[in-house]
Amino acid sequence: MAEQLRVGIAGLSRGGDFLAPLTHWEDTTVVAVCDPDPAAIERRRDQFGAAKVFEDYSEMLDSGIDTVVVATPIHLHVPQSVEALGRGIHVFSEVSAAVSLQQCEELIAAVRRSPAKYMMGENCCFMKEFSTVRCMARAGVFGEIYYAEADYVHEVGPWARPGSWPEKWLLNRRGPSYITHPLGTVLDWLDDLVATVSCMGTGAHVDPTRAADDCSIMLCRTSRGALVKIRHDLVSPRPMTHNYASLQGTLGAYEARRYPGEEHRVCLKTAETRPEAGGREWQSFSGLADDYLPDFWRDQAGVDGDQHGGSDGAVMRAFVDCVLNDTEPYIDVYRALDFTVPGLMAEVSVKQGGVPVAVPNFRSL
Ligand SMILES: NC(=O)c1ccc[n+]([C@@H]2O[C@H](COP(=O)([O-])OP(=O)(O)OC[C@H]3O[C@@H](n4cnc5c(N)ncnc54)[C@H](O)[C@@H]3O)[C@@H](O)[C@H]2O)c1
């Protein structure tokens, strides 16, 4: 078992967010970074210290790293992961795992052939509140969960330059093209996967030159029969809401904070209710949550500069631990595709007026 991972980071925009935890921990060292854009390198230079700088990804892979963070444009995740896995280099891939079914097959084949680990870094599952809700769900606090929903509302249109990857892969295709944050969150709670999906869109009103619907709604039936609703909107002119999610079970409900200043809340059947108030009441989440806080949030005080509410450090820690301890990755390649492929099949559905479409389970393919 290696005692320290020698990490290379590809793509220094999003990839730079992982410099804080990876340079803070004693069992990881960032020995190489790679980005063809010199400006991206310069922006992070004071953070990566003595790491070797590469413009070429393959050269970085050959420089003696044993682990790579793939945080490059979305369509490069699979080819770059496949190349690293082929050299026996462990891969932490940014979301989404893949942009087509063909890429999914290539990724699965590479993971099956390689002795190295692959994990997709879906960080929303590792947000403090969401990972606490997962522990509560696993402990049966909500009973049988039969409904969940989540939103990803993030206006990216104005920043997507013509010819850029977001323009091509997110805004010039129909259906929910960036789905792992909301869908991964709720599938993690449900410990389930999507069997069929139907999707309808609003059409393109804000910018009719683009293919993307302003807003798409995915309705998913899970393999155990739960219903999941996902709102996906990269276009509408409004503030970001990408951490809203909720669930309903036979024993209770959870609602995340939707707008700044709001509290996360639960309603549990076991808690006291006031019938005179006309029914049940929301209760504070924070008091209950302490009992179910995952170990990461108990043990690690967090890292200065850690992004996305500390979830970047949490998801990276899960990956590092699985490599160092030779355990299964929390989001292995099959789970990565559980979070990714329903979005690809929703594109098929939305183009056919919302018909239900089966979602392949790559475990049996
Ligand atoms: N999990 C999250 O919260 C989160 C947040 C932001 C972005 N992302 C994901 O991270 C990825 C990158 O997003 P971004 O916002 O940083 O995009 P970006 O366009 O801002 O940056 C991409 C970077 O990759 C570099 N690059 C391009 N080709 C490369 C190559 N062959 N090798 C190495 N570097 C290369 C570019 O020069 C650029 O610096 C996307 O897939 C996105 O979906 C995830």
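Just so you know, these numbers use all the heavy atoms, side chains as well, and skip hydrogens, waters and symmetry mates. Since this is a predicted model, take the numbers as computed values, not measurements. Atoms within each ligand, like the ligands themselves, are counted from 1 in listed order.
- With a 4.0 Å heavy-atom cut-off, ligand 1 is reached by the backbone of R14 and by its side chain too.
- The side chain of N123, and not its backbone, has at least one atom closer than 4.0 Å to an atom of ligand 1 (non-hydrogen atoms only; side chain from C-beta on).
- Here the closest non-hydrogen pair linking T340 and I179 is O-CG2, 4.1 Å.
- A salt bridge is absent between D191 and R134; no separation between the charged side-chain nitrogens and carboxylate oxygens falls under 4.0 Å.
- With hydrogens left out, the protein atom closest to atom 9 (C) of ligand 1 is V95 O, 3.6 Å, a heavy atom.
- Of the heavy atoms in A40, only side-chain atoms (C-beta onward) come closer than 4.0 Å to ligand 1.
- Every atom of ligand 1 with a heavy atom of G11 under 4.0 Å away is listed here by number and element: 24 (O), 33 (C), 34 (N).
- In this structure, Y334 has its ring center no closer than 6.0 Å to that of F362.
- With ligand atoms numbered from 1 in the order given, ligand 1 contributes 37 (O) to contacts under 4.0 Å with heavy atoms of D37.
- Residue H181 has at least one heavy-atom neighbour below 4.0 Å for each of these atoms of ligand 1: 1 (N), 2 (C), 3 (O).
- Between Y254 and H264, the ring planes lie parallel to each other; the angle is under 30°, not in the 30° to 60° tilted range.
- When heavy-atom distances to ligand 1 are checked against a 4.0 Å cut-off, L76 comes that close only through its side chain, counted from C-beta outward.
- The shortest separation from a heavy atom of E122 to ligand 1 is not under 4.0 Å, leaving the residue out of contact.
- The 12-atom threshold is exceeded at CD of E262, counting heavy atoms of other residues, nucleotides or ligands nearer than 6.0 Å.
- At least one N or O atom of Q80 sits closer than 3.5 Å to an N or O atom of ligand 1.
- Between the side chains of T202 and D213, no donor N or O sits under 3.5 Å from an acceptor N or O.
- No hydrogens or angles considered: nothing links the side chains of N243 and Y152 as a donor-acceptor pair under 3.5 Å.
- Close approach of ligand 1 to D35 (heavy-atom distance below 4.0 Å) involves ligand atoms 23 (C), 24 (O), 25 (C), 34 (N), 36 (C), 37 (O), 38 (C), 39 (O).
- Where the criterion is an N or O separation shorter than 3.5 Å, residue side chain and backbone included, W165 meets it with respect to ligand 1.
- An N or O contact shorter than 3.5 Å is missing between A71 and ligand 1 by distance.
- The backbone N or O of T327 sits nowhere less than 3.5 Å from a side-chain atom of N325 that would complete a donor-acceptor pair.
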